[in-house]
Structure formats: structure tokens, C-alpha cells
Chemist: 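Once you've had a glance at the structure underneath, I'll fire off some questions.
Both backbone and side-chain heavy atoms feed into the values below; hydrogens, waters and symmetry mates do not. Remember, it's 1-based here, ligands and their atoms both numbered in the order they're listed.
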Amino acid sequence: MYYTKKHNAKWYNAKRYNFKYMINNPFSYGKTVDGPYFYGREREMEEIRISMQNAINIILYAPRRIGKSSLVIKVLKELEAAGHPVVYIDLFKVSSREKFIELYAREVVRGMKSWEKGVQFIKGVIRGVEPVMGLDHAGMPELRLNIDPLQSARAFEDILNIPGRSKGERCWVVVFDEFQEIEKLGGADFEKELRASLQHHKNAAYLFLGSQRHMLLNMFSRKERAFYNFGKLYHLDKPPVTDSVAFVARRFAAGGYEIDIQMAQQMVEQTHNIPYYLQYLGAEIWESARLSGKKPVEVYAEALDRLLINQGDYFQGIRSQLTPFYAKLLTSVAIHGAGSYESEFLQKFRLFPVSSMQKAYARMIDLDILEKRENRFCITDPFFEMWMKRQS
Ligand SMILES: Nc1ncnc2c1ncn2[C@@H]1O[C@H](COP(=O)(O)OP(=O)(O)O)[C@@H](O)[C@H]1O
Ligand SMILES: [Mg+2]
């Protein structure tokens with residue numbers, strides 16, 4: 001185990017008082033990350049920042065867990081610090097038009113000098129709402145709106161138009177995360193209403209994030225759709241492998257361990273270089289090392305086993321929803337990988353008729369279980385893939 005002198009003293013005390021968790025886990029996953037838990041993305045940040053500053057809309061898409069939200073929230077923080085009014089709305093949290101209005105208003109008020117000012121402003125510009133103060137789950141004050149149901153269409157229009165009224169020097173920056181979720185809010189009509197308001201806003205930049213590629217691309221690149229040509233399409237790639245490897249080594253060092261580059265490379269490879277899974281695996285290995293007093297490399301396999309066991313119920317749940325045919329196909333993909341040449345795949349494994357396979361692929365892509373990468377079908381979750389392999 002590698003320790004500097006300073007660490008030794010710390011570790012000694014930790015042992016003595018049995019404070020095994022004195023050093024925090026140097027990896028973080030499951031929520032958006034920043035600071036030392038965030039790596040790379042300099043070029044992407046720059047590009048997004050410049051577009052936003054110039055009121056150019058962006059549609060940013062990538063599979064889940066690549067780092068869209070973390071990246072955009074980081075840029076938003078910078079833009080806010082530079083004087084841009086910012087709004088961030090996660091459409092996963094929006095179940096109705098009223099909820100949308102409330103969350104939007106909350107963002108607007110957050111950016112104002114005082115609560116009272118914010119509430120006055122909301123009252124002044126949005127018809128049919130009455131702001132009240134509520135408490136969030138942590139007991140902090142939070143804006144709630146009583147919305148007159150007869151006026152909710154107006155209130156919706158008014159709130160959307162706040163950035164459009166702005167004469168400020170810095171443009172508004174408005175982010176709709178998980179934008180594909182607007183489908184559940186009234187589909188085409190909602191889309192049209194939204195577009196009708198936003199298109200007139202000269203002093204605002206809109207950023208749409210989404211994880212379902214085909215849905216988002218349909219929405220923004222089909223002539224008949226409301227958001228056709230609304231902004232530039234931007235695909236967020238995985239980070240460069242070298243960045244990911246360096247990050248892993250750096251975080252282990254921050255957590256008290258020097259690791260070999262080979263181990264970091266193996267982690268990046270096994271997690272398909274997807275930041276979420278990389279941090280998840282890192283967190284497990286680090287914790288195993290901490291608890292056992294062994295080196296990370298010595299506990300690697302065991303930590304991975306434990307992770308797969310912990311995830312087992314969840315994976316079991318996914319698989320139990322699939323028909324035996326789907327499950328079989330998925331196992332084949334896990335073991336052999338499926339290329340773009342269906343027939344070649346078929347010949348090799350002599351599984352099923354092409355048409356039913358294609359249908360199954362499409363369905364499993366919809367379910368987010370499979371994805372197409374470089375023209376090959378892959379299992380989205382690398383741990384699920386490993387688990388499937390082990391089960392077969
Ligand atoms: N730039 C980054 N550096 C380090 N870890 C990241 C980065 N981006 C994402 N992650 C990891 O991936 C997880 C998911 O990130 P998130 O931004 O929520 O992805 P998305 O919005 O694409 O689903 C985070 O909790 C974190 O563990
Ligand atoms: Mg996200």
C-alpha cells in the first residue's frame with residue numbers, strides 16, 4: 001500500500017479510532033459531478049459556451065451516463081457567474097404543464113437578488129399564478145405556485161416568454177434536460193406551443209439534452225416536426241481513453257493508492273470507457289482496498305464480483321421482462337457481439353429468422369438495453385453484459 005508520511009499519520013489515527021472512512025471515496029457516480037470528480041471535456045465546454053454566449057441553440061445527444069448533464073451544468077455555472085441568467089429544467093421531473101411552470105419559475109427566482117424581488121417579478125409577468133413559499137425535502141424554502149387551471153395555458157406562454165422579454169446585456173441560457181420526455185406532456189401540441197414561443201427569442205440560447213438518439217433526431221431534423229432546424233445537432237462522444245486512464249490513476253492517488261497504468265487501462269476497457277461505469281467500478285475497488293487493507297490490484301476481481309452480485313437483482317429484473325427469445329438473443333450479443341451483417345451473425349449462430357431478430361433489436365434499443373455503436377449492436381450497460389456472460 002502506498003502512503004506518504006502525512007497519510008501514515010492519518011491512517012494510524014483512523015485505525016486507532018476505527019474511522020475507516022476518514023478519506024472519502026475518490027470516485028463519485030449516480031449524480032452529476034464537478035470539481036476533482038470531473039475530468040476532460042475542455043473542448044466540448046468551450047464549444048457549448050461559445051454557442052450559448054452567441055444565442056445559438058444546441059441539441060446535444062448521447063446515450064445515458066456519458067456525462068451530458070454534468071458537462072452542461074458545469075458550463076451553466078460558468079455562464080451564470082459571467083452574468084447570464086440561466087434556467088435548468090430536467091424534464092424527468094416534469095409530470096404536467098403546471099409542474100413545468102413551477103420549476104421554471106423556481107429557476108427564474110433563484111437567479112434574482114432576493115426572494116421578495118423574485119416573487120414580485122413572477123406575479124408581475126405570469127398571469128393566473130399565485131406564488132407561495134413551501135419547504136423542500138431538506139426543509140429549505142422553495143417556491144410553489146398555485147395556478148388557476150383556467151389560465152394555465154396563458155401562464156405557460158408567459159413563463160416561456162420571460163427570456164424573450166429580456167433586454168439584458170447577457171443572453172438567457174435555458175437548458176431542457178431529458179428533452180425526449182416532452183412526449184409524455186402532450187406530444188405534438190406541446191412541442192408546437194413550445195416552439196411557437198421560443199422561436200422569437202433573440203436574446204436567449206436554448207440547449208436541449210437527450211439520450212434517445214432516434215427520438216431526438218426525429219424531433220429536430222424532420223421537416224414536418226415543430227423543432228425542425230431549431231439548432232445545431234451536437235453528438236457528445238465518449239472521452240478520449242487516455243483522459244479516462246489518467247483520471248482513474250489520479251483519483252486512486254488522491255485516495256491514497258498508486259496504481260499501475262495497466263490496471264487503469266483494464267478498468268477503462270471493461271467499462272467501455274463510459275464515465276459512469278468507470279467511476280462505479282473505481283468506487284467499489286477503492287472501498288474494497290480500504291476495508292481489506294490490500295492493494296487495489298489485489299481486490300480488483302473481488303470488487304467486480306461484488307458489484308455484479310449487488311446489481312444481480314436489478315439485472316434479473318430486466319431479464320425477466322424479456323421473452324425467452326429476446327433473452328437468448330441478448331445472451332448471444334453478450335457473448336459474441338452482433339455486427340451489422342445480420343446474416344453473418346445468423347450463419348455463425350443459426351439462431352432466428354432475420355425479421356424477428358430485427359424486431360427484437362429495435363425493441364431492445366427502445367428499452368435502452370441495446371445500442372448501436374459503430375454499426376454494431378452492443379449491450380448498453382457493460383456490467384449487465386458481464387453478468388449475462390456469467391449467467392450463460
Ligand atoms: N466529465 C466527467 N468526469 C468524470 N465523471 C463523469 C463525467 N461525466 C460523467 N461522469 C460520471 O458519469 C455519471 C453520469 O453523468 P451524467 O452527467 O449524469 O450523464 P448523462 O447526463 O449523460 O446521463 C456521473 O455520476 C459520473 O460518475
Ligand atoms: Mg443526464
Chemist: At what distance is the nearest protein heavy atom to atom 8 (N) of ligand 1, and which residue and atom is it?
Modeler: G67 CA, 3.4 Å
Chemist: Decide whether a cation-pi geometry holds between R97 and F190; the criteria are a distance under 6.0 Å from NZ or CZ to the six-membered ring centre and an angle within 45° of the ring axis.
Modeler: no
Chemist: If the test is ring pair (Phe, Tyr, Trp, His ring centres under 6.0 Å), which one of Y276, Y29, Y280 qualifies with F383?
Modeler: Y280
Chemist: Salt bridge check: are E102 and K99 linked by an N-O gap of less than 4.0 Å?
Modeler: yes
Chemist: Give the atoms of ligand 1, by number and element, whose distance to some non-hydrogen atom of Y276 is under 4.0 Å.
Modeler: 11 (C), 12 (O), 13 (C)
Chemist: Please check if the distance between the ring centroids of F208 and Y61 is under 6.0 Å.
Modeler: no
Chemist: Can you confirm, on distance only, whether ligand 1 has an N/O atom lying under 3.5 Å from any N/O atom belonging to G30?
Modeler: yes
Chemist: Among all the protein's non-hydrogen atoms, which is closest to atom 27 (O) of ligand 1, and how far away is it?
Modeler: S28 O, 2.7 Å
Chemist: Should the pair F179 and F220 be assigned to parallel (<30°), tilted (30 to 60°) or perpendicular (>60°) ring geometry?
Modeler: tilted
Chemist: Quick test of your reading of the model: are R165 and D158 salt-bridged, counting only N-O distances below 4.0 Å?
Modeler: no
Chemist: Just distances here: any N/O of R41 and N/O of ligand 1 closer than 3.5 Å?
Modeler: no
Chemist: Tell me the nearest of S244, G210, G282, S69 to atom 18 (O) of ligand 1, using heavy-atom distances.
Modeler: S69
Chemist: Checking a contact table here: which protein heavy atom is nearest atom 10 (N) of ligand 1, and how many Å away?
Modeler: P275 CB, 3.4 Å
Chemist: May I ask you to decide if S211's main-chain N or O and Q180's side chain share a donor-acceptor pair within less than 3.5 Å?
Modeler: yes
Chemist: How are the rings of Y361 and F377 set relative to one another: parallel (under 30°), tilted (30 to 60°) or perpendicular (over 60°)?
Modeler: parallel
Chemist: Flag Q279 as yes when one of its N or O atoms lies below 3.5 Å from any N or O atom of ligand 1, and as no otherwise.
Modeler: yes
Chemist: Could you tell me which atoms of ligand 1, counted from 1 in the order shown, lie closer than 4.0 angstrom to a heavy atom of V33?
Modeler: 5 (N), 6 (C), 7 (C), 10 (N), 26 (C)
Chemist: Taking atom 17 (O) of ligand 1 as the point of reference, which of S70, A62, P63 owns the nearest heavy atom?
Modeler: S70
Chemist: Ligand 1 and T32, any nitrogen or oxygen pair closer than 3.5 angstrom?
Modeler: no
Chemist: For atom 24 (C) of ligand 1, grab the closest protein heavy atom and report residue, atom and distance to one decimal in Å.
Modeler: K31 O, 3.4 Å
Chemist: May I ask you to say whether R376 pairs ionically with E371, meaning some side-chain N is under 4.0 Å from a carboxylate O?
Modeler: no
Chemist: Return the closest protein heavy atom for atom 1 (N) of ligand 1 as residue, atom name and distance.
Modeler: Y39 O, 3.1 Å
Chemist: Is it the side chain, the backbone, both or neither of F27 that has a heavy atom closer than 4.0 Å to ligand 1?
Modeler: neither
